[in-house]
Amino acid sequence: MIEDYQLTAATPSIEDYLRLRINAGLSAKAEANAVAGLPNTWFAVVARRDGQVVGMGRIIGDGGLFFQIVDMAIEPAHQGRGLGKAIMTALMDRLRSHAQGAYVSLIADGEANRLYAQYGFEPTMPKSIGIAQVIR
């Protein structure tokens, strides 16, 4: 593991989840939605330094056929140290050992597609295109 950091297979607490999303530049989520959604995590990893959660990544899905990697977030002060790669490696190891044959997707923000490409993820276009909607 990366010196001074501990990686643990665990779902982040609601407080850590909400804080990390905002601090890492992801969209804010309502606490009630986090309360409802986080228990449905299939697998998750948190990165800690000095006991504080500074990074996370989660996998959601139906448990066998379809999965999505979500909530990849690292505190800005801890970025550039390999935590994203360490978290992705842990998530992919879990998928490879428990979800052979499953379809795994994700949404890459900004330049994150370069990280995900290292794990075999490719754009789906032109064969298919991801589309989304936020329910208001």
- Ile2 to Arg81 - nearest heavy-atom pair and separation: CD1-O, 3.3 Å
- Message: Using side chain to side chain contact (heavy atoms under 4.5 Å, CB included), reason through Leu106 and Met72 one step at a time and then give a plain yes or no.
- Response: CA-CA 10 Å; Leu106 57 78; Met72 286 290 295; over 6 Å; no
- Message: Checking Phe121 against Val104 for the side chain to side chain contact (heavy atoms under 4.5 Å, CB included) test, could you report, in this order, the C-alpha distance in whole Å, the side-chain angles of both residues, the deciding distance, and whether it holds?
- Response: CA-CA 9 Å; Phe121 288 89; Val104 181; 3.8 Å; yes
- To which residues is Val70 joined in a hydrophobic cluster, defined by side-chain heavy-atom contacts under 4.5 Å among Ile, Leu, Val, Met, Phe, Trp and Tyr, whether direct or through other members? Ile60
- State, with a plain yes or no, whether a side-chain heavy atom of Asp16 is found less than 4.5 Å away from one of Met56. no
- Message: Apply the hydrophobic cluster definition, ILVMFWY joined by side-chain contacts under 4.5 Å directly or through others, and give me every member besides Ile135.
- Response: none
- Item | Gln118 atom CD, over 12 foreign heavy atoms within 6.0 Å | yes
Which atom pairs, donor and acceptor, lie under 3.5 Å between side-chain atoms of residues 41-49 and protein residues at least two apart or in another chain?
residue	atom	partner	partner atom	Å
Thr41	OG1	Leu38	O	2.7
Thr41	OG1	Arg58	NH1	2.5
Arg48	NH1	Thr8	OG1	3.4

- Grab the two heavy atoms, one from Glu75 and one from Leu20, that are nearest each other, plus how far apart they are. CG-CD2, 3.5 Å
- Task: Please name all residues satisfying side chain to side chain donor-acceptor pair (under 3.5 Å) with Ser27, sequence neighbours left out, ordered by chain then number.
- Result: Arg21
- Message: If the condition is side-chain contact (heavy atoms from CB on, under 4.5 Å), which residues does Arg114 pass it with, not counting sequence neighbours?
- Response: Glu111
- Item | By side chain to side chain donor-acceptor pair (under 3.5 Å) - contacts of Thr89 (at least two apart) | Tyr119
